[in-house]
2 protein chains.
Amino acid sequence: MAQPDTVTRILDTAEVLFAERGFAETSLRTITSKAKVNLAAVNYHFGSKKSLIQAVFARYLDPFTERFHRALDELEHAYGGKVIPLEVLLETMARTVLEVPAERNSLKVFMKLLGLAYSQAQGHLRRYIQEEYGSVFTRFTELVRQATPELPDHERFWRLHFMLGTVIFTLSGLDALRDIAEKDYGEHVTVRDLIRRLRPVVVSAMQAPLPEPALQAGQA
Amino acid sequence: MAQPDTVTRILDTAEVLFAERGFAETSLRTITSKAKVNLAAVNYHFGSKKSLIQAVFARYLDPFTERFHRALDELEHAYGGKVIPLEVLLETMARTVLEVPAERNSLKVFMKLLGLAYSQAQGHLRRYIQEEYGSVFTRFTELVRQATPELPDHERFWRLHFMLGTVIFTLSGLDALRDIAEKDYGEHVTVRDLIRRLRPVVVSAMQAPLPEPALQAGQA
DNA sequence: CCACGTTTGAAACAGATGTTTATAATCAGG
DNA sequence: CCTGATTATAAACATCTGTTTCAAACGTGG
């Protein structure tokens with residue numbers, strides 16, 4: 001649709017700045033000057049700042065959803081109608097998340113962007129992501145449902161979001177946490193390290209005992 | 001420091017708007033017009049927008065840290081040097097978090113603000129919170145350390161942050177999730193509901209088996 | 001080599017932002 | 001009641017924002 005050079009430079013610069021400072025806090029002038037590109041280039045190639053933001057996400061989410069669908073295809077074929085264990089499903093998702101930005105070593109950026117999509121974007125972004133990429137998530141949750149038949153539907157819904165929060169929060173705040181961890185435990189933590197640590201936690205969390213039933217209304 | 005009326009009206013309005021749209025996305029003009037207060041009042045009473053943001057946080061965190069310290073005092077006294085069980089510690093923290101904004105029914109706002117503090121404010125806010133309120137968290141983690149002696153220090157460090165992520169992410173994104181949950185499961189979820197659901201998940205997560213040791217470098 | 005669609009470039013636009021200023025109102029204490 | 005400090009108001013300030021405009025440069029097919 002355009003010379004790859006300018007467009008790519010804008011995207012590369014924008015995703016880093018967005019991840020570092022958020023959307024509203026990153027001006028087009030900051031992006032274009034750092035990318036050594038004319039200010040008008042953003043509006044020319046993307047139309048608006050909103051569309052730039054969506055394009056930044058699309059560059060991660062398009063390959064992700066494609067790979068994830070493929071991975072789930074293979075999994076369903078391999079298990080031939082039998083239930084896919086929860087660990088395998090989680091493992092597959094983790095692997096796919098790791099694969100996509102691996103080429104550019106931008107997993108951290110990817111995670112920060114996902115975090116921002118939840119916490120910042122009030123309107124257009126969340127809607128865009130939901131409409132554009134909601135189907136993979138639906139497919140995944142259905143497989144999780146089959147893998148955890150003992151969980152009531154709404155309990156599983158919430159637990160999945162609990163774990164989504166765990167992962168996104170941790171990986172998107174990684175830099176700040178890493179500094180503390182490094183200072184206190186003298187250990188440099190990689191993303192792969194964290195995912196290794198996350199796995200047993202997530203699995204145990206999903207298999208936690210059911211909560212005690214809610215108390216009826218009327219208590220302070 | 002000033003007439004309570006104007007200052008309070010500004011704080012009340014600002015915290016809601018910040019929670020809804022973030023800091024950069026909320027202008028002083030939006031705040032002052034909604035609060036029916038002159039634009040200059042913010043700079044007069046608080047000095048700057050940054051200080052307004054910190055004041056909004058202080059109004060929650062000051063009572064929180066005070067209550068939490070008191071609660072930990074009581075706990076340590078009650079257990080008289082013996083180890084306080086993990087469930088009790090988590091329960092106490094949850095109860096304190098619930099108590100603080102209870103008077104104004106603003107728990108949702110409180111949680112959203114905490115989420116924003118992590119995801120948005122790159123600079124001043126995180127530093128402010130760390131310096132002003134870091135000591136309670138240190139005290140709490142030390143008690144958690146005694147309650148979970150089987151966990152290596154760095155593993156506990158990360159798991160605590162995992163769980164922090166779970167809670168903040170869920171409760172701060174509650175509105176969006178609630179809409180989905182309500183539509184799909186016809187159930188209106190309260191914050192107390194969520195905390196009830198969170199408890200067994202958090203406890204199980206903290207007690208999950210240790211991760212398998214890291215593979216040595218050299219694999220793709 | 002020329003002409004035409006595509007891409008860049010510098011400048012200007014209209015509007016919003018946080019902050020400051022100078023003046024008016026308010027309210028207490030002598 | 002008058003005085004003096006505190007608080008409120010309206011206007012202006014300088015700066016920054018996303019977006020447009022229009023002319024120049026570019027590259028490519030005829």
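Everything numeric here is computed off the predicted structure, so don't read it as measured data. Heavy atoms only: backbone and side chains are in, while hydrogens, waters and symmetry mates are out. Quick note on labels: first sequence line is chain A, next is B, and so on, each numbered from 1.
Remark: P of dG18(D) and CZ of Phe23(A) are 13 Å apart, rounded to the nearest angstrom. If you measure from atom CG of Leu52(A) to atom P of dT17(D), you get 15 Å, rounded to the nearest angstrom. Rounded to whole angstrom, the span from the NZ atom of Lys49(A) across to the P atom of dA16(C) amounts to 16 Å. Atom P of nucleotide dG18(D) and atom CD1 of Ile10(A) are separated by 13 Å, given to the nearest angstrom. One interatomic measurement links the two molecules: CG of Asp5(B) to C1' of dT6(D), which rounds to 15 Å at whole-angstrom precision. When the P atom of dT6(C) is taken as reference, atom CZ of Phe46(A) falls 18 Å away, rounded to whole Å. To the nearest angstrom, C1' of dT9(D) lies 5 Å from CG of Asn38(B). Nucleotide dT20(C) holds its P atom 12 Å from the CG atom of Leu28(B), rounded to whole Å.
Ser27(B) has no side-chain polar atom (N or O) that falls below the 4.0 Å cut-off from OP1 or OP2 of dA16(C). For dT19(D), one of the phosphate oxygens OP1 or OP2 lies less than 4.0 angstrom from a side-chain nitrogen or oxygen of Asn43(A). Under 4.0 angstrom from either OP1 or OP2 of dG18(D) there lies no side-chain N or O belonging to Ser48(A). Close to dT8(C), at under 4.0 Å from its OP1 or OP2, lies a side-chain N or O of His45(A).
Taking the six-membered ring where the residue is Trp, the centroids of Phe68(B) and Phe140(B) are separated by under 6.0 Å. In this structure, Tyr185(B) has its ring center closer than 6.0 angstrom to the ring center of Phe157(A). Taking the six-membered ring for Trp and the full ring otherwise, the centers of Tyr60(A) and Phe64(A) sit at least 6.0 Å from each other.
The listed nucleotides are dG9(C), dA11(C), dA10(D); the one nearest the side chain of Leu39(A) is dA11(C). With distances taken from any side-chain atom of Tyr44(B) to the nucleotides dT9(D), dT6(D), dT20(D), the minimum falls on dT6(D). With distances taken from any side-chain atom of Arg29(B) to the nucleotides dT8(C), dA10(D), dA12(D), the minimum falls on dA12(D).
Annotation: His188(A), atom NE2; neighbour count of heavy atoms from other residues, nucleotides and ligands within 6.0 Å is above 12.
DNA chain C is contacted by both Ala41(A) and Lys50(B); Ala41(A) maps to the nucleotide lying nearer its 5′ end (nearest heavy atom per residue).
Contact annotation for Thr26(B): backbone-only contact, meaning every heavy-atom pair under 4.0 Å involves sugar-phosphate atoms and none involves a base.
Note: Phe137(A) and His161(A) have tilted aromatic rings, judged against thresholds of 30 and 60 degrees for the angle between ring planes.
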